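All values reported here derive from a predicted model rather than from experimental measurement. All chains are named by letter (A, B, ...) in the order of the sequence lines, taking the proteins before the strands, and each is independently numbered beginning at 1.
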Amino acid sequence: MLIKSLTGTKDIFGDEVNEWIKIEKTIRDLCKDFGFSEIRTPMFEFTSLFQRGVGETTDIVQKEMYSFIDKGENHITLKPESTAPAVRAYLEHNMHAKIQPVKMYYISPAFRYEKPQAGRYRQFHQFGVEMFGSSSAVADAEVIALGDMLLKRLGLKKVELHINSLGGPECRKQYNENLAKFLENKKEHLCELCNNRRLKNPLRVLDCKNEKCQKVLTDVPTTLTSLGEECKKHFEEVQALLTAMNINFIVDGSIVRGLDYYTKTVFEFISNEIGSQGTICGGGRYDKLVEEIGGNPTPAVGFGAGIERLLLTMEAENGPMYIDNSKDIFIGYRGEEAMIEAVKLTNELRQAGLKAETDPLGRSVKAQMKYANKLEVRYSAIIGESELETKALSLKNMATGEPSILPFSDVATFLKDDTNANL
RNA sequence: GUGGGGAUAGCUCAGUUGGUUAGAGCGCCAGAUUGUGGCUCUGGAGGUCGCGGGUUCGACUCCCGUUCUUCACCCCA
């Protein structure tokens with residue numbers, strides 16, 4: 001019986017892996033431009049890190065973590081997200097003593113035991129950034145701008161930026177009271193689920209997609225109505241900075257985020273092109289998290305973006321990504337002696353930095369030419385008796401069919417000049 | 001965790017009210033006078049019809065279970 005891969009996981013290869021390489025390069029270049037440096041944290045951590053960091057009551061911790069006990073009886077969990085590990089690393093390596101703010105990014109797998117569907121996997125990949133040490137709106141704006149620029153560089157035009165402010169702890173408390181009061185008056189009109197949420201965590205009611213509830217919510221007070229002076233000013237500054245940078249946004253009181261640690265600014269980049277899992281990037285400010293994990297009070301802001309969802313959106317908006325698989329040259333052969341010469345020449349060309357191929361299957365000349373055609377080489381050549389004698393190749397231009405004769409020793413230079421001419 | 005659709009060749013899919021050697025297109029390999037690709041033509045390889053059980057003389061087809069997949073709820077990336 002063939003052993004297959006686990007549900008919710010997938011192999012990435014062929015053209016698809018080239019898409020990944022392309023998007024990863026875009027991300028790394030972007031982060032360099034914004035002054036964020038990469039951090040690679042381990043794939044697993046002590047379970048307690050996520051219990052504290054992500055929050056004991058969240059779905060992620062309660063039912064979605066891949067947890068196990070290792071041979072040393074450590075309670076271990078495959079990372080379900082990368083913000084908590086980033087905070088852990090920040091504290092463990094005393095990064096508060098480095099130049100402030102500390103700006104880091106990661107591209108990492110994450111693991112959640114959920115039922116897979118479009119844009120949702122059990123092993124998925126996140127690109128995220130975290131900025132520690134600044135409470136200024138400039139930090140919020142910079143992080144959002146980074147996300148916005150990523151989408152632009154990936155050619156995405158139909159993604160909307162929704163922003164909101166949850167306020168600090170005092171505003172949150174005030175708002176929860178206001179909201180609870182508002183919802184109590186409307187309780188006959190709310191669905192059963194929402195009436196549960198109303199008592200446990202009224203914020204979650206805002207997320208409900210039930211039509212009836214949405215009707216009730218049309219005139220719900222948003223978190224914005226409960227913001228104190230300082231939080232209000234902060235949010236206005238964020239908006240002014242986004243406007244100054246020409247970044248379009250929608251102030252959306254329904255963006256509340258699932259995780260409890262967010263404070264003040266929260267945001268999501270949402271696409272309507274990829275089904276129900278439309279949030280391709282989400283984040284915000286989390287000024288209390290570093291303390292929660294045991295550090296000194298440190299303001300921070302960041303986001304996580306789903307690579308799979310980015311790719312889905314790119315495909316939905318712009319079709320399949322163009323991947324250049326072309327190669328410089330194929331060198332075939334006829335006969336034992338010629339085979340050695342072809343292998344030798346191919347290797348020399350590769351050493352010179354050219355994309356050269358030969359035939360590893362010992363096929364007929366005709367089959368070798370077919371192979372060369374499928375490899376998308378720009379030139380092909382066959383080495384046989386006459387070439388061995390003259391030490392010269394007949395290079396065939398695969399697009400035009402034109403041959404050019406030149407000595408073995410000149411092939412590399414010829415191909416390099418040709419490449420430059422095509423740029 | 002809840003609910004709907006699906007599973008037949010490497011890929012996309014046909015397969016008639018259950019009937020004998022399960023098909024097509026694409027892809028792969030080979031050939032069309034033997035040292036040159038693309039187009040065309042010909043041939044070939046490749047399937048325990050997801051897996052297990054049941055009904056039946058007989059199951060790819062009907063029933064049950066199971067796994068995987070897909071879409072949605074939930075939650076999030």
Engineer: Quick check on B:A72: is either OP1 or OP2 less than 4.0 Å from any side-chain nitrogen or oxygen of A:S276?
Structural biologist: yes

Engineer: Between the base of B:U2 and the side chain of A:K115, is there a donor and acceptor pair under 3.5 angstrom?
Structural biologist: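 Answer is yes: a donor-acceptor pair is held.
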
Engineer: Please measure how far the P atom in B:C68 lies from the corresponding atom in B:C60, and state the result in whole Å.
Structural biologist: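 Between the two P atoms, the distance is 24 Å.
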
Engineer: Suppose we define a pair by two distances each less than 3.5 Å, Watson-Crick or G-U wobble; what does B:U48 pair with here?
Structural biologist: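 WC or wobble partner does not exist here.
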
Engineer: Just checking, any donor-acceptor pair under 3.5 angstrom between side chains of A:E317 and A:S271?
Structural biologist: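 Side chains of A:E317 and A:S271: no pair found under 3.5 Å.
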
Engineer: Please report the distance separating the C1' of B:U21 from the corresponding atom of B:G65, rounded so that it comes out in whole Å.
Structural biologist: 32 Å

Engineer: Which part of the nucleic acid, if any, lies within reach of A:E81 when heavy atoms closer than 4.0 Å are counted: base, sugar-phosphate only, or nothing?
Structural biologist: nothing

Engineer: Would you say the side chains of A:Y333 and A:E387 form a donor-acceptor pair under 3.5 Å?
Structural biologist: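 Short answer, no.
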
Engineer: Within the pair A:Q117 and B:A72, is there a side-chain N or O less than 4.0 Å away from OP1 or OP2?
Structural biologist: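 Looking at the OP1 and OP2 atoms of B:A72, one of them is under 4.0 Å from a side-chain N or O of A:Q117.
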
Engineer: Please determine, for B:G3, whether a Watson-Crick or G-U wobble partner exists with both distances under 3.5 Å, and give it or none.
Structural biologist: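 B:G3 is paired, partner B:C71.
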
Engineer: A:Q277 near the nucleic acid: base, sugar-phosphate alone, or nothing, with a heavy-atom cut-off under 4.0 Å?
Structural biologist: base

Engineer: Reckon A:R120 has a side-chain N or O less than 4.0 Å from the OP1 or OP2 of B:C76?
Structural biologist: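 No.
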
Engineer: When the P atoms of B:U48 and B:A9 are considered, how many whole Å apart are they?
Structural biologist: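 Looking at atom P only, B:U48 and B:A9 are 9 Å apart.
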
Engineer: Within the structure, does a side-chain N or O atom of A:K396 lie under 4.0 Å from either OP1 or OP2 of B:G35?
Structural biologist: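 Looking at the OP1 and OP2 atoms of B:G35, neither is under 4.0 Å from any side-chain N or O of A:K396.
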
Engineer: When you look at A:E92 and A:R88, which way does the salt bridge (charged side-chain N to carboxylate O under 4.0 Å, His left out) test go after all the steps?
Structural biologist: CA-CA 6 Å; A:E92 188 163 338; A:R88 195 222 77 229; 3.0 Å; yes

